[in-house]
Amino acid sequence: MRRLTLYSLDTPYRETLSIRGFEFGNPDAEPCVAIVGAMRGNEYEQNFICAELVRRLQDMEAAGITNADKRVLVVPSVNPFSMNVAERFWPVDHTDINRMFPGYNLGETTQRIAAGLFAAVSPYAYGIQLCSYYLSGDFTPHVRITRANELSDEAIAMADDFGFPYVLVHEPSSFDTTTLNYNWQVWETRAFSVYSRDMGGLDVEVAATVQDNILRFLAARGVLDAAAAGGFHSLHISDGDLVRVRTKEAGGFFVRSVRVGQRVRRGQQLGVVVDAYDGHVREELVSPLDARVFFSHVSPTINQYTLAFSLAPSVGWEHAQ
């Protein structure tokens with residue numbers, strides 16, 4: 001393993017920002033897989049997953065079960081400044097690094113950070129980003145492919161190698177064209193976005209499962225001479241397959257009745273919105289179909305017309321490998 005400084009930026013208000021990476025394999029080997037973790041300040045689980053991957057890959061390298069002819073790069077954190085001050089975005093101007101790709105090395109601060117990171121990770125054949133959603137919530141862990149070009153079809157076919165219960169194919173909007181995932185594909189990297197249980201916290205058990213899934217993908221690419229047990233026969237879905245359940249009547253305290261990943265039946269209560277003053281139930285949220293809970297709002301309060309749950313088809317979920 002080699003510790004690398006991928007990019008450094010002097011700042012007038014804090015210490016130098018350094019993006020650190022951990023590289024495995026021979027330095028002159030083909031750049032095979034780049035794994036990028038936390039890009040935002042509240043992506044604790046994403047950072048943790050990558051840090052644990054570094055530890056596990058180091059142990060595997062010492063045991064001789066990594067392929068030295070395939071280079072792997074792990075970047076646990078791109079934005080330690082924001083994490084240090086508990087800010088989701090860049091704390092000075094509140095811009096999002098993951099909306100600045102491919103970056104501009106003479107531009108604003110986050111454009112320069114994006115350019116520095118992209119220069120380091122764009123040569124790799126495969127890219128995995130540990131992502132979080134624009135809404136605060138709890139996800140069923142899954143892998144998502146943003147359809148950018150013909151490489152997307154190759155990535156969709158390979159996504160089963162992770163062994164997640166769901167592979168979600170996302171049709172991009174203009175909002176997506178400045179993300180790392182989209183630009184990776186423009187520069188001919190097969191790109192995957194991995195979503196874990198993102199609650200702004202840390203679920204160690206889920207993090208370990210996501211690590212196993214990533215290691216399973218590495219093994220399928222010939223990086224590891226080992227295989228992770230378990231995994232799912234992934235069900236492929238699109239954004240249009242998800243059924244959204246939103247609040248309609250009012251906002252208030254949000255009390256969930258179900259958890260992410262749970263099977264629900266048509267008409268089953270998913271949660272309630274409770275009045276903040278007298279405690280009466282202002283709205284009951286029920287499932288419109290038989291499904292699995294794919295996403296759930298987790299904040300203690302919720303506003304009117306807000307996404308509370310996304311429900312996904314459950315066919316294929318039970319068929320573990």
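Quick note: residue numbers are just sequence positions, from 1. Basis for what follows: all heavy atoms, side chains included, without hydrogens, waters or symmetry-related copies.
A search for side-chain hydrogen bond (donor to acceptor under 3.5 Å, both in side chains) contacts involving Ser122 returns nothing, not counting sequence neighbours. Evaluation of the salt bridge (Lys or Arg N to Asp or Glu O under 4.0 Å) rule for Arg20 yields no partner, not counting sequence neighbours. Listed by chain and residue number, Met1, Phe24, Thr66 satisfy the side-chain contact (heavy atoms from CB on, under 4.5 Å) test with Glu61 (two or more places apart in sequence, or in another chain). Take Asp28 and apply the side-chain hydrogen bond (donor to acceptor under 3.5 Å, both in side chains) test, not counting sequence neighbours, and it matches no residue. Looking at residues two or more places apart in sequence or on another chain, you find a salt bridge (Lys or Arg N to Asp or Glu O under 4.0 Å) between Glu30 and Lys70. Taking the salt bridge (Lys or Arg N to Asp or Glu O under 4.0 Å) definition, one finds that Arg244 meets it with nothing, sequence neighbours left out. The salt bridge (Lys or Arg N to Asp or Glu O under 4.0 Å) test applied to Arg266 returns no partner, not counting sequence neighbours. The ring-ring contact (aromatic ring centres under 6.0 Å, His included) search around Phe253 returns none, not counting sequence neighbours. Judged as a side-chain hydrogen bond (donor to acceptor under 3.5 Å, both in side chains), and not counting sequence neighbours, the contacts of Arg55 are Glu52.
Because its NZ or CZ atom is not both nearer than 6.0 Å to the ring centre of Tyr104 and within 45° of the ring axis, Arg112 does not count as a cation-pi partner of that residue.
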Could you list the donor-acceptor pairs under 3.5 angstrom formed between side-chain atoms of residues 218-227 and any protein atom two or more places apart in sequence or on another chain?
from	atom 1	to	atom 2	distance (Å)
Arg221	NH1	Asp161	OD2	3.1
Arg221	NH2	Asp161	OD2	3.0

Exercise. When you look at Arg40 and Ser132, which way does the side chain to side chain donor-acceptor pair (under 3.5 Å) test go after all the steps?
Worked result: CA-CA 8 Å; Arg40 295 153 177 156; Ser132 65; 3.3 Å; yes
For this session: Assess whether side chain to side chain donor-acceptor pair (under 3.5 Å) is satisfied between Glu45 and Ser196, documenting all intermediate values.
Result: CA-CA 8 Å; Glu45 191 160 271; Ser196 60; 2.9 Å; yes
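Under 3.5 Å, the side chains of Ser296 and Arg259 contain no donor-acceptor pair of N or O atoms. Residues Asp176 and His170 have side chains that bring a donor and an acceptor to within less than 3.5 angstrom of each other. With no hydrogens or angles considered, a side-chain donor-acceptor pair links His236 and Asp160 at under 3.5 Å. With no hydrogens or angles considered, a side-chain donor-acceptor pair links Gln269 and Glu284 at under 3.5 Å. With hydrogens and angles left out, the side-chain atoms of Thr179 and Asn98 include no donor and acceptor closer than 3.5 Å. With 3.5 Å as the limit, one finds no donor-acceptor pair spanning the side chains of Gln129 and Ser193. With no hydrogens or angles considered, no side-chain donor-acceptor pair links Ser8 and Thr16 at under 3.5 Å.
One finds the CD1 atom of Ile156 at 11.0 Å from the CG atom of Leu151 (value rounded to the nearest 0.5 Å).
Residue pairs that meet the side-chain hydrogen bond (donor to acceptor under 3.5 Å, both in side chains) test with at least one member in residues 144-159, sequence neighbours left out, are His142-Arg144, Arg147-Asp153, Arg147-Glu171, Ser152-Gln185, Glu154-Arg190. Applying the salt bridge (charged side-chain N to carboxylate O under 4.0 Å, His left out) test to pairs two or more places apart or on separate chains, those with a residue in residues 71-93 are Glu23-Arg71.
Remark: aromatic rings of Phe192 and Tyr126 are distant, center separation not under 6.0 Å.
By the criterion of side-chain heavy atoms lying less than 4.5 angstrom apart, applied directly or through intervening Ile, Leu, Val, Met, Phe, Trp or Tyr residues, Val293 is grouped together with Leu289 in one hydrophobic cluster.
Aromatic ring orientation, Phe254 versus Phe309: tilted (interplanar angle from 30° to 60°).
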